[in-house]
Amino acid sequence: MSGNLSEFLAKSKVKAADLEHKRKLSFNIQKYADTVVKGKLQFSDLDLARRRAKNVKWKAIENLDKYLEEFEKNFTSRGGKVIWAEDADQALQAVLQICEEKKTKQVVKSKSMVTEEIHLNDFLAKHNIDSVETDLGEYIQQLDGEAPYHIVTPAMHKSKEDVAKLFHEKLGTEPNLSPSELTQIARKNLREKYITSEVGVTGGNFLIADIGAVCVSENEGNGRLSTAFPKTHIAIVGIEKILPSINDLALFWPLLATYGTGQNVTVYNTIFTGGQQQGENDGPEEMYVILLDNGRTNLLRKEVRESMYCIRCGSCLNACPVYKNIGGHAYGATYSGPIGSVISPHLNGMSDFKHLSYASSLCGNCTEVCPLKINIHEMLLENRHIAVDEGLNTFSENGGWKVWKIAMLSRTMMNSAGAGLKGKVVNKLFSKSWGEGRGNVQFAPKSFNQLWKERNKK
Ligand code: SF4
């Protein structure tokens, strides 16, 4: 058993039995679920909107090379700089080089899963550069030394009491402050960071090819503050975030807001087209966009290509019975939940992460709730096929399935054993994986086949 798999199983087991964890997660997810219903009402034909969006992303990903080059041409024509990063290391080195050129020891950062993926904060810390998270949820997680729990709501597993306790321990505040008091403290601490940072780092929700722009959606204004005060703005964006045209935002902004948080539109939507132009006196003097691959081109294979349409709304996580039981950290990957289980094996290595493709009941709820109608649960099956084709399954697993197949295809064999013997065999084989916490499987005294035969004899 690989280390990642055993860690996943151990963490999942603990979390699935933690009822307090389940209560907090269910409470927070339910708040989103209630508002998403209201948000959807803004669409006169939601199904059409979703199909259109899928079509736009299909076009964008089928022509990825063309649109990325178009983005680069348009963005650089106004003085912006584009850096192509094949992997995390190239992206990190590029950020470091810029920080060293600017002689900065502190950067402010808005919420970005890509920077989590490349472990930017840890890397900068090793080079004595302080990377300050400015999104409130990320700020809380950074204070606690934890990675985000959810791609949209980083501190989803924490209650307001947990956050008050954390602030008390780390910042010396009163132990029972209210959410608004806690927010004010974070606000006060962060204001000073914005004005003393030379470099601001953001991710990007969309890259717009026809105008050469990066779009950032956020609800707190911290993204704008992180890019307005520092003289240099670095946006690190995955290559799959491309959209062909600015006109596509009319569809994608409301879809992202509705499926992410139930809003009609996110509070702050900024379109960055580069640094200051002649005659302008606000905004960063320089802007860099780092276009990150880091395994994304592996997702272009036809079985999982649709996963590149993902706009990271988090809806499939909220709908997943597995995520709701084991939470975000058990996955051991930056991207958790159903979409994380699809892409992580391709981004981080099939042999180390193929087990995530089994972290699904295949109920299809993820596919049902995805604004882009991405066939998530089918791609989880595709991953299992790929793992088998690549010979990554263990000898005992392959043997087990062979025996299972022979038995299932033979009616005579199925009928030859009674309920008692079937129970003994199954409970022996699955005593650890199924039996623990659930008890033994009880077979009915007569099989369906026997009952059917008896009925037809009458
Ligand atoms: S796969 Fe779909 S539902 Fe899941 S995060 Fe991406 S866009 Fe949202």
Side-chain angles (χ1 to χ4, degrees), residues 28-29 32-33 35-37 39-40 43 46-47 49-58 60-61 111-114 116-117 137 148-154 156 203-207 215 217 237-243 248-249 251-263 266 295-296 299-300 303-324 327-328 331 333-347 356-357 359-383:
N28 287 327
I29 287 177
Y32 279 99
T35 50
V36 167
V37 175
K40 284 180 181 171
F43 294 93
L46 180 61
D47 193 58
R50 291 169 71 195
R51 279 187 282 134
R52 275 205 179 138
K54 184 167 193 171
N55 202 270
V56 171
K57 280 307 282 190
W58 168 80
I61 299 299
K111 181 174 162 13
S112 149
M113 288 309 290
V114 158
E116 289 297 329
E117 178 187 327
Y149 213 68
H150 185 281
I151 57 178
V152 172
T153 321
M156 182 172 252
N205 296 89
F206 304 108
L207 291 164
C215 304
S217 296
V237 193
I239 52 174
E240 82 285 8
K241 294 292 180 79
I242 197 82
L243 286 178
D248 298 322
L249 291 175
L251 178 58
F252 279 81
W253 270 345
L255 268 185
L256 177 60
T258 291
Y259 280 82
T261 51
Q263 293 165 283
T266 313
R296 283 163 174 75
L299 294 169
L300 284 170
E303 299 96 323
V304 291
R305 188 174 282 202
E306 274 194 19
S307 65
M308 292 188 89
Y309 304 173
C310 175
I311 55 171
R312 306 277 187 262
C313 72
S315 193
C316 57
L317 280 67
N318 300 343
C320 177
V322 175
Y323 181 88
K324 284 197 260 195
Y331 288 80
T334 304
Y335 303 100
S336 58
I339 190 64
S341 297
V342 171
I343 65 176
S344 299
H346 299 277
L347 296 182
L356 294 184
S357 311
S360 167
S361 62
L362 297 180
C363 63
N365 207 19
C366 46
T367 302
E368 192 68 30
V369 301
C370 175
L372 275 289
K373 289 179 175 269
I374 298 172
N375 273 329
I376 306 169
H377 69 296
E378 287 187 16
M379 288 190 296
L380 289 169
L381 272 177
E382 290 293 351
N383 274 358

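Start at 1 and go down the list; that is how both ligands and their atoms are numbered.
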Option nearest [atom] (shortest heavy-atom distance, choices [options]):
{"atom": "atom 2 (Fe) of ligand 1", "options": "Cys370, Pro371, Pro338", "answer": "Cys370"}
{"atom": "atom 7 (S) of ligand 1", "options": "Leu256, Ile311, Leu255, Leu317", "answer": "Ile311"}
{"atom": "atom 8 (Fe) of ligand 1", "options": "Gly337, Cys313, Ser315, Ser307", "answer": "Cys313"}

Tell me which protein heavy atom sits closest to [atom], plus the residue, atom name and distance to 0.1 Å.
{"atom": "atom 4 (Fe) of ligand 1", "value": "Cys316 SG, 2.3 Å"}
{"atom": "atom 6 (Fe) of ligand 1", "value": "Cys310 SG, 2.3 Å"}
{"atom": "atom 5 (S) of ligand 1", "value": "Gly314 N, 3.3 Å"}

Pair His377, Asn365: side-chain N/O donor-acceptor within cut-off below 3.5 Å: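 Asn365 and His377 do not have a side-chain donor-acceptor pair below 3.5 Å.
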Flag for Glu117-Tyr335: side-chain donor and acceptor within less than 3.5 Å: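 Glu117 and Tyr335 do have a side-chain donor-acceptor pair below 3.5 Å.
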Check: Lys57 side chain, Glu306 main-chain N or O, donor-acceptor pair, under 3.5 Å: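 No, because the side chain of Lys57 does not come within donor-acceptor range (under 3.5 Å) of the backbone of Glu306.
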CG on Asp47 to NZ on Lys373, rounded to 0.5 Å: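 Here the rounded value is 4.0 Å.
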Straight-line distance of Asn55 CG to Arg52 CZ, nearest 0.5 Å: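 Those atoms lie 9.5 Å apart.
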Proximal atoms of ligand 1 relative to Ile376 (non-hydrogen, under 4.0 Å):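 Reading through ligand 1 atom by atom, the close ones are 1 (S).
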Atom indices of ligand 1, in the order listed, that fall short of 4.0 Å to a heavy atom of Ile339: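 Selected atoms, number and element: 1 (S).
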Distance-minimising heavy-atom pair for Met156 and Asn318: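 Looking at all heavy atoms of both residues, the closest pair is CE-OD1, 3.9 Å.
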